[in-house]
Amino acid sequence: MPVDPALRAAALESKAWPFEEARKLLARVKRTGQKQVLFETGYGPSGLPHIGTFGEVARTTMVRRAFALMSDLPTRLLCFSDDMDGMRKIPENVPDRKFLEPYLQMPLTRVPNPFGGGYESFGHHNNAMLRRFLDTFNFDYEFASATDYYAAGRFDDVLIRALEKYDDIMAVMLPTLGEERQATYSPFLPISPTSGRVLYVPMKAVNPKQGTITFADEDGTDITLDVRGGRTKLQWKPDFGMRWAALGVDFEMFGKDHQTNAPIYDRICEILGAPAPEHYVYELFLDENGQKISKSKGNGLTIDEWLTYADTNSLALFMYSKPREAKKLYFDVIPRNVDEYSQFLGAYPKQFELKDRLMNPVWHIHGGHPPAPESGNVTFALLLNLATVANTEDKAVMWAFLRRYMPDLTPESHPRLDALVGFAIRYFQDFVKPGKKYRLPTTDEAVALRDLAAALGELPEGSTPEAIQLKVYDVGRRDPYTVTQKDGSLGVAQTWFNMLYQVLLGEERGPRFGSFVALYGIANTRGLIDKAVRGELAGPV
RNA sequence: GGGCCCGUAGCUCAGUGGUAGAGCAUCUGACUUUUAAUCAGAGGGUCACUGGUUCGAUCCCAGUCGGGCUCACCA
């Protein structure tokens with residue numbers, strides 16, 4: 001589909017970061033005259049996909065979409081799984097850790113799957129998890145397995161080249177290593193033909209003409225092995241460069257932890273005869289206390305946690321915003337991202353300048369085709385507040401409250417809002433409810449509450465909120481809650497209501513009490529009062 | 001030590017080369033028997049510091065100080 005020239009012109013000028021990155025690629029293809037562009041993301045399959053995996057693929061896709069606006073060249077995104085890597089330690093989250101012990105140091109695709117389920121290996125299982133994960137978000141990508149690529153010989157030519165350039169590669173690698181490691185370092189890692197393990201052993205001979213390496217196997221006997229066809233793999237750093245060279249990768253982003261090594265990968269790639277890809281270094285995520293998020297520490301947020309309380313779009317917005325800043329990633333940032341996403345989405349149709357649209361995150365989140373926004377301006381922050389004050393876990397009750405003020409909204413007409421209502425309720429259940437502090441009523445308060453229950457009992461179920469509110473006032477008109485109105489009549493002090501919320505809802509504030517009772521039900525409310533008076537709400541002291 | 005990022009209102013953060021903004025918090029007032037899913041308004045910032053470019057800098061450049069992260073043979 002041809003790109004509108006005005007849109008293309010705007011893209012070429014846009015300051016949004018995906019366009020900045022895409023322009024680097026545009027300069028690259030002009031320089032090389034290449035006919036396609038390959039994006040790559042890397043994945044270490046020793047664990048399960050996580051929020052960083054999502055971020056990397058989402059951001060790479062944003063650059064890819066931006067590039068497509070500037071150039072008609074075809075693009076591909078390759079999600080590459082380094083599944084031939086040896087299993088260095090046994091993951092924590094497997095059912096039977098002892099079961100895996102005999103397979104340490106073997107390529108992940110040769111380790112049996114501890115989860116069962118018909119997968120050929122642990123690596124295959126994790127690859128499948130990755131794909132399922134990416135498919136959930138409808139990413140457009142091609143999956144690649146290192147094991148498959150090595151075995152199929154797709155790296156063979158470059159591996160031979162690496163043998164030819166062995167000394168050059170060593171010259172790049174050795175200065176980056178400590179003395180001890182220098183003595184034994186080899187860019188080639190043979191898979192032992194006898195034990196099946198990935199060996200970290202020095203090379204005794206390298207023969208480019210034969211395509212072989214010679215080394216001591218685990219039992220001490222010298223072995224000469226053809227490097228091709230998956231019999232060997234490369235050490236991490238040369239592996240990056242080799243892969244880029246072999247596949248013609250044009251773009252790969254990575255986290256700051258790779259930054260120092262990137263020039264090394266690049267150098268290897270060039271030694272092997274290909275231009276190094278363009279890079280983009282993004283910041284790592286921090287937890288609430290400013291510490292780096294790591295899987296092993298278990299701090300920060302998981303993607304499941306995010307998606308429990310908010311939708312994918314809000315997470316995509318988080319990923320779009322300022323990739324180069326170390327951003328805190330914890331529960332508190334969720335509501336803001338949800339609401340900002342809504343704002344950006346709402347603004348998009350009103351933006352008539354292409355320049356403005358391309359700067360709008362929703363353009364990047366939706367690949368240039370953001371959906372139409374919903375009417376109504378109910379924010380997630382408001383819904384969270386509502387779930388709290390309404391003290392409910394029932395979507396229908398939430399909607400009842402909503403429709404008192406906005407009668408034209410329905411779950412059917414506003415599915416996105418309806419989803420947010422569900423998220424707000426979960427947030428309430430998990431964060432607000434556990435923090436509730438029910439107070440025991442004093443003797444006098446207990447009397448007042450019993451009177452209230454009795455008074456409510458005089459009303460038929462289904463009474464109007466106003467009628468209920470009147471009863472509540474009537475009962476409250478007693479010591480110490482009375483107050484004289486401006487007109488001289490007897491009123492009820494705010495402390496009466498405060499007491500109700502503290503004792504009955506465990507909150508300092510709440511909804512209009514008559515409305516609450518009408519929706520919660522008179523019988524239910526009386527039951528609630530009964531429990532409170534008996535001290536069951538406050539729990540054991 | 002190398003690299004990257006940050007330093008804007010009490011807090012969390014937006015922001016643009018042309019006398020500073022939001023949310024929350026605080027305070028004041030309004031909503032006809034006053035509870036906060038409401039509304040109106042107020043206070044509060046030499047935009048870290050010092051130089052430079054400019055008619056003009058919070059924004060660009062250089063440096064200083066302060067804070068954070070990352071890299072040292074794990075991929």
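What you see below is based on every heavy atom in this structure, not just the backbone, and it leaves out hydrogens, waters and symmetry mates.
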J.: Between A/Lys471 and A/Asp474, is there a salt bridge with N-O shorter than 4.0 Å?
T.: no
J.: Going by atom types only, do A/Gln105 and A/Tyr200 share a side-chain donor-acceptor pair under 3.5 Å?
T.: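 Distance-only check fails for A/Gln105 and A/Tyr200.
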J.: Taking B/U16 as the reference, what is the distance to B/U26 when you measure between their C1' atoms (whole Å, please)?
T.: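 Each nucleotide's C1' atom is 29 Å from the other's.
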J.: With sugar-phosphate meaning primed atoms plus P, OP1 and OP2, does A/Gln235 contact a base, only sugar-phosphate, or nothing at under 4.0 Å between heavy atoms?
T.: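 Counting heavy atoms under 4.0 Å across all strands, the contact made by A/Gln235 is with sugar-phosphate only.
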J.: When every nucleotide of nucleotides 5-13 of chain B is labelled 5' to 3' by its protein contacts under 4.0 Å (heavy atoms), B for base, S for sugar-phosphate only, - for none, what sequence of letters results?
T.: SS-----S-
J.: Name all residues meeting the side chain to side chain donor-acceptor pair (under 3.5 Å) criterion together with A/Arg97; count only those two or more places apart in sequence or in a different chain, and write none if there are none.
T.: none
J.: P atom, B/C39 versus B/G23: distance in rounded Å?
T.: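 Taking atom P in both B/C39 and B/G23, they lie 11 Å apart.
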J.: Taking atom C1' of B/A72 as reference, at what distance in whole Å does atom CG of A/Asp257 sit?
T.: 14 Å
J.: Is there a donor in the side chain of A/Trp399 and an acceptor in the side chain of A/Asp418, or the other way round, less than 3.5 Å apart?
T.: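 Side chains of A/Trp399 and A/Asp418: pair found under 3.5 Å.
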J.: Ignoring hydrogens and geometry, is there a side-chain-to-backbone donor-acceptor pair from A/Trp496 to A/Val472 under 3.5 Å?
T.: yes
J.: Within this structure, what is the CG-to-P distance between A/Asn337 and B/G23, rounded to whole angstrom?
T.: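 Rounded to the whole Å, the gap is 18 Å.
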J.: Send over the distance from A/Met173 CE to B/A72 P, rounded to a whole Å.
T.: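 It is 12 Å, rounded to the nearest whole Å.
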J.: Taking for each residue the nucleotide of RNA chain B with the nearest heavy atom, is it A/Lys15 or A/Asp85 whose nucleotide lies nearer the 5' end?
T.: A/Lys15
J.: What's the gap between B/G67 and B/G56 when it is taken at their P atoms, as a whole Å value?
T.: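 Approximately 35 Å lies between the P atom of B/G67 and that of B/G56.
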J.: Given B/C74, B/U34, B/C4, which nucleotide is nearest the side-chain atoms of A/Lys256?
T.: B/C4
J.: What about the rings of A/Tyr149 and A/Phe80, do their centers lie closer together than 6.0 Å?
T.: yes
J.: Please measure how far the C1' atom in B/C74 lies from the corresponding atom in B/C5, and state the result in whole Å.
T.: 25 Å
J.: Scan every strand shown for a Watson-Crick or G-U wobble partner of B/C60, both distances under 3.5 Å, and answer none if you come up empty.
T.: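 Partner of B/C60: B/G52.
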J.: Does A/Glu340 reach the side chain of A/Phe380, with side-chain heavy atoms less than 4.5 Å apart?
T.: no
J.: NA contact type, A/Tyr200, heavy-atom cut-off 4.0 Å: base, sugar-phosphate, or nothing?
T.: sugar-phosphate
J.: Testing the 3.5 Å rule here: is there a donor-acceptor pair between the side chains of A/Asp83 and A/Thr147?
T.: yes
J.: Across all strands shown, which nucleotide pairs with B/G1 by Watson-Crick or G-U wobble geometry, both distances under 3.5 Å?
T.: B/C71
J.: Would you kindly say whether A/Tyr341 and A/Asn313 are connected by a side-chain donor-acceptor distance under 3.5 Å?
T.: yes
J.: B/A30 and B/C13: how far apart are their P atoms, nearest whole angstrom?
T.: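 To the nearest whole Å, 36 Å.
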J.: Within this structure, what is the CZ-to-C1' distance between A/Phe254 and B/C74, rounded to whole angstrom?
T.: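 Taking atom C1' of B/C74 as the reference, CZ of A/Phe254 is at 17 Å.
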J.: For atom C1', what is the distance between B/U70 and B/U46, given to the nearest Å?
T.: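 It works out to 34 Å between them.
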J.: Which residue lies toward the 5' end of RNA chain B, A/Thr260 or A/Tyr265, if each is placed at its nearest nucleotide?
T.: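 Closest to the 5' end, via its nearest nucleotide, is A/Thr260.
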J.: Please determine, for B/C24, whether a Watson-Crick or G-U wobble partner exists with both distances under 3.5 Å, and give it or none.
T.: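 B/G10 is the nucleotide pairing with B/C24.
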J.: Roughly, in whole Å, what's the span from CG in A/Asn261 to P in B/A72?
T.: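 Atom CG in A/Asn261 sits about 7 Å away from atom P in B/A72.
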J.: NZ of A/Lys237 versus P of B/A75: gap in Å, rounded?
T.: 9 Å
J.: To the nearest Å, how far apart are A/Leu317 CG and B/A14 P?
T.: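 Spelled out: CG on A/Leu317 to P on B/A14 is 12 Å.
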J.: Would you kindly give the CE-to-P distance between A/Met242 and B/A75, to the nearest whole Å?
T.: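 These atoms are roughly 15 Å apart.
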J.: In whole Å, what separates the C1' atom of B/U53 from that of B/C65?
T.: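 It comes out at 23 Å once rounded to the nearest Å.
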J.: What's the gap between B/A37 and B/C60 when it is taken at their C1' atoms, as a whole Å value?
T.: 46 Å
J.: Side chain of A/Tyr473: nearest nucleotide among B/U34, B/U33, B/A75?
T.: B/U34
J.: Checking all strands, does A/Leu470 fall into the base, sugar-phosphate, or nothing category for heavy-atom contacts under 4.0 angstrom?
T.: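 It contacts base atoms.
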J.: At under 4.0 Å between heavy atoms, what does A/Asp239 touch on the DNA or RNA strands: base, sugar-phosphate, or nothing?
T.: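 Answer is nothing: A/Asp239 stays at 4.0 Å or more from every strand.
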